[in-house]
Amino acid sequence: MPLFAQQSGATLNYRDAELRSFIEDVALETRRTFIIDPQVNGKVNLISSEPITGDLLFETLLSVLKVNGMAAVPTSSGAYKITKGELALGDGGPVDQTMSGDALVTRVFTIKNADPMTISAAIKPYVARTGSSFAREGLPMVIVTDHADNLIKISKIIATIDVDQTVIRTLNLRHTSPSEMAEVADQLTAQSGFDGAARRLIQSIPVKGSNSLILKGMPEVLNQYIPILTEIDLNNASRGDMRMVRLKYATTDKMMPLLQQLVDAIQSEKSDSVSQGGQSDVTIAEFQQTNSLVINAGPEMQQRLAEVIAGLDVAQDQVLVEAIVVEVSENASNELGLQYILAGGDSSNIPFTVANYSNSAPNILAATGAIVVDDSGASTGTSTSDILKAAAVDSFLGLDGFALGAAGRLSDGGVFGVILNALASDTDSNILSTPSVMALNNESATFLAGQEIPITTGEALGSANSNPFRTIERKNVGIQLEIKPQINDNNEIRLDIRQEVSSVSGPVSSLSNELVTNKREIQTTVRVGDGEIVVLGGLIQQDERITIDKVPLLGDIPFLGRAFRSEGKARENTNLMIFLRPTIVRNQVEMARVTNNKYDYMRQRQLISGSDLSVDELMKNVIETTPITNE
């Protein structure tokens with residue numbers, strides 16, 4: 001038998017034996033399970049002078065399979081699948097960093113310094129014919145599937161190549177700003193990779209404090225490009241003292257005072273600036289039509305001012321502030337009163353008695369006076385009868401609710417009258433307003449939707465009313481929203497806000513044209529996160545008033561006392577809350593999302609209301625009628 005079992009192992013003796021037979025013998029000796037592909041075949045010539053243990057026998061099997069172009073791949077069940085090398089490569093081997101021998105293994109090498117594509121090309125000649133290597137641009141890894149012993153050799157090759165061979169050098173600048181020179185270095189050393197992606201041969205870091213540029217790259221690359229950058233810096237020394245800077249986002253009216261203050265501070269610190277390059281003569285002018293600044297100064301001062309402008313002239317984020325004002329109120333009132341008058345004539349013994357209440361209309365005294373007094377001879381309109389009739393009419397004009405009355409004269413010339421008035425009113429209101437406004441960071445914004453109403457502030461009459469005049473002030477009434485946002489770290493917004501909701505309540509009284517306005521105002525400063533809703537404040541108010549006018553003693557008599565008193569009840573409940581939601585808008589994508597939400601809402605509202613002109617048609621008309629100008 002080719003395999004001679006002994007106590008300490010097995011002695012091998014194979015001459016032109018079938019590969020399948022050898023695999024069967026190893027399976028019996030090592031107690032392992034093998035799944036053999038039908039295409040597996042070959043001859044085995046193997047002789048051992050000493051006994052071989054089970055683990056060493058299995059390693060010997062892997063070597064025999066490698067010689068015959070085969071490989072054994074472990075399965076999830078613990079068995080080994082034996083197939084041809086190219087087929088075994090597709091199945092792969094275990095991802096293991098410690099295995100050795102001729103087992104098919106997959107290892108992942110993390111590349112720290114070199115280019116993965118370069119390393120993959122360097123190790124390709126050392127990968128077995130049945131192995132493979134994989135690398136991808138932008139992925140700092142190389143994946144190799146090969147026999148374990150060969151992977152050990154490949155790992156040493158990768159370790160030799162994957163080392164940081166770059167050096168760091170510092171370039172001191174005299175006439176060019178570090179940020180400007182960094183842009184020049186990046187553009188000068190940029191090149192395209194194998195996949196078309198841009199890469200740079202030199203990494204540049206500007207250091208503004210020391211006016212220098214830190215460069216990192218291969219020594220031969222730095223030796224090639226540093227002289228070029230030095231020459232560019234020297235050439236900038238000969239440029240003129242005047243420089244034009246066009247602002248991108250900031251405005252010249254806000255940038256000018258800051259730059260002038262900075263120049264004054266620098267010149268005050270350097271009293272000998274004239275001997276240091278003539279920096280004492282610095283002039284900054286603005287041209288608002290093109291939003292540009294013109295700087296007349298020495299090269300060093302120009303460089304310092306250009307760095308300040310570049311740091312300040314950046315795009316500002318925007319904040320959409322949406323306020324929600326909700327007011328729910330309920331008003332209810334009840335009035336019930338009885339007025340009467342009884343008076344005898346000149347020769348009558350009937351006493352004069354009357355019950356009249358201030359909270360009741362019409363007034364029974366005014367009505368009785370209009371009936372009793374008669375100045376028929378007077379026709380000027382200023383007689384006592386005319387005055388009493390006008391008072392009676394005014395009293396009836398103030399009537400609310402239901403009134404029932406009767407009046408007449410007695411036989412002796414006396415008069416009597418009675419008026420019963422009753423009123424019940426109930427008013428509910430639900431007011432919701434949602435003003436919104438968009439503002440730049442640290443910029444104020446105002447929104448107003450309402451009316452201007454006239455308010456009398458003064459009135460004067462000349463002698464004998466010859467030259468009367470009145471002064472009037474216009475006042476805004478409606479919804480007002482004033483904000484100033486400030487975006488802090490962690491998407492938190494500090495917001496100065498003033499919110500006002502006002503309306504016209506009506507005239508002060510029936511005898512005056514002056515107006516009474518309702519006003520809800522809150523002014524505060526809050527901190528709120530992006531997109532969060534915060535309550536600014538509110539009011540929960542309950543008012544209940546009971547008014548009783550009565551005749552003393554008589555008004556307290558049960559049941560009968562109702563004829564000697566007038567009662568009024570009023571109840572008012574008000575619930576007012578003001579909410580706020582700010583949203584940070586950082587780019588055009590977020591701006592489009594916010595705009596589309598509002599735009600779609602208006603479209604839906606118009607579709608529901610059945611409007612003839614939609615928002616789309618309105619925008620189309622605006623675009624078609626707007627002239628196009630070429631700047």
Side-chain angles (χ1 to χ4, degrees), residues 247-251 254 291 312-327 430-450 476 478-501 520-538 576-611 613-626 628 631:
L247 301 180
K248 299 179 181 179
Y249 305 102
T251 57
K254 292 187 176 181
N291 198 35
L312 298 177
D313 188 21
V314 295
Q316 294 290 320
D317 295 333
Q318 301 182 91
V319 179
L320 173 64
V321 178
E322 299 171 288
I324 305 173
V325 183
V326 183
E327 181 176 357
N430 188 350
I431 302 174
L432 173 65
S433 57
T434 57
S436 60
V437 63
M438 181 83 73
L440 280 174
N441 185 27
N442 291 316
E443 294 288 345
S444 301
T446 302
F447 172 85
L448 171 62
N476 294 326
I479 300 174
Q480 300 184 54
L481 178 62
E482 299 177 4
I483 64 167
K484 185 176 181 180
Q486 176 182 327
I487 302 176
N488 301 329
D489 293 337
N490 301 323
N491 288 336
E492 186 182 72
I493 304 171
R494 182 183 185 274
L495 196 63
D496 297 333
I497 181 170
R498 176 183 173 273
Q499 170 70 57
E500 177 183 324
V501 179
R520 311 286 190 268
E521 180 181 1
I522 186 170
Q523 184 172 355
T524 183
T525 301
V526 296
R527 294 187 300 111
V528 59
D530 179 22
E532 295 181 356
I533 298 178
V534 62
V535 59
L536 297 181
L576 172 66
M577 286 294 166
I578 301 176
F579 302 90
L580 183 74
R581 181 178 68 180
T583 303
I584 300 177
V585 181
R586 299 187 183 278
N587 49 49
Q588 295 297 330
V589 176
E590 295 180 0
M591 175 66 76
R593 175 180 57 81
V594 171
T595 303
N596 290 336
N597 290 339
K598 299 295 184 181
Y599 185 80
D600 293 340
Y601 172 78
M602 295 304 299
R603 290 186 58 188
Q604 294 297 328
R605 298 303 302 173
Q606 286 205 329
L607 292 176
I608 293 175
S609 63
S611 176
L613 183 61
S614 65
V615 179
D616 290 336
E617 295 175 349
L618 180 62
M619 293 298 295
K620 182 179 179 181
N621 293 340
V622 172
I623 295 174
E624 291 178 351
T625 56
T626 301
I628 300 177
E631 296 183 357

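One-based numbering along the sequence shown. Just the heavy atoms: all of them, side chains too, but no hydrogens, waters or symmetry mates, feed the values below. All of these numbers come straight from a predicted model, not from anything done at the bench.
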Problem set entry | Candidate pair I533 and V528, rule side-chain contact (heavy atoms from CB on, under 4.5 Å), full reasoning | CA-CA 8 Å; I533 298 178; V528 59; over 6 Å; no
Problem set entry | Residue from T434, L580, I578 passing side chain to side chain contact (heavy atoms under 4.5 Å, CB included) with I324 | T434
Exercise. Going from CG on D600 to NZ on K598, what distance comes out if it is rounded to the nearest 0.5 angstrom?
Worked result: 11.5 Å
Exercise. side-chain contact (heavy atoms from CB on, under 4.5 Å) between T524 and L495: does it pass, once the steps are laid out?
Worked result: CA-CA 8 Å; T524 183; L495 196 63; over 6 Å; no
Exercise. Roughly how far apart are Q480 CD and R498 CZ, rounded to 0.5 Å?
Worked result: 5.0 Å
Problem set entry | Non-hydrogen side-chain atoms of M438 and V585 separated by less than 4.5 Å | yes
Seminar exercise, completed: Closest heavy-atom pair, L576 versus R520, reported as atoms and distance to 0.1 Å, is CD2-CD, 3.4 Å
Problem set entry | L247 vs K254 side-chain heavy atoms within contact, under 4.5 Å | no
For this session: Considering non-hydrogen atoms only, spot the tightest contact between E590 and N587 and give its length.
Result: N-OD1, 2.9 Å
For this session: Would you please test R494 and T525 for side-chain contact (heavy atoms from CB on, under 4.5 Å) and show each step?
Result: CA-CA 7 Å; R494 182 183 185 274; T525 301; 3.8 Å; yes
Seminar exercise, completed: Separation between CD (Q523) and CD1 (I497), nearest 0.5 Å, reads 10.0 Å
Problem set entry | Separation between CZ of R586 and CD of Q316, rounded to the nearest 0.5 Å | 11.0 Å
Exercise. How far apart are the closest heavy atoms of A250 and N291, and which atoms are they?
Worked result: O-ND2, 2.8 Å
Exercise. Atom CG in N441, atom CG in N488: separation rounded to 0.5 Å?
Worked result: 8.5 Å
Problem set entry | More than 12 heavy atoms of other groups within 6.0 Å of R527 CZ | no
Exercise. side-chain contact (heavy atoms from CB on, under 4.5 Å) between I483 and Q499: does it pass, once the steps are laid out?
Worked result: CA-CA 9 Å; I483 64 167; Q499 170 70 57; over 6 Å; no
Problem set entry | Heavy-atom closest contact (L481 atom, P435 atom, distance) | CD2-O, 4.0 Å
Exercise. Hey, what do you get for CZ (R581) to CG (D530), rounding to the nearest 0.5 Å?
Worked result: 10.5 Å
Exercise. Looking at E532 and P582, what are the two nearest heavy atoms and their distance?
Worked result: O-CD, 3.4 Å
For this session: Indicate yes or no for a side-chain donor-acceptor contact from D313 to the backbone of K248 under 3.5 Å, with no hydrogens or angles considered.
Result: yes
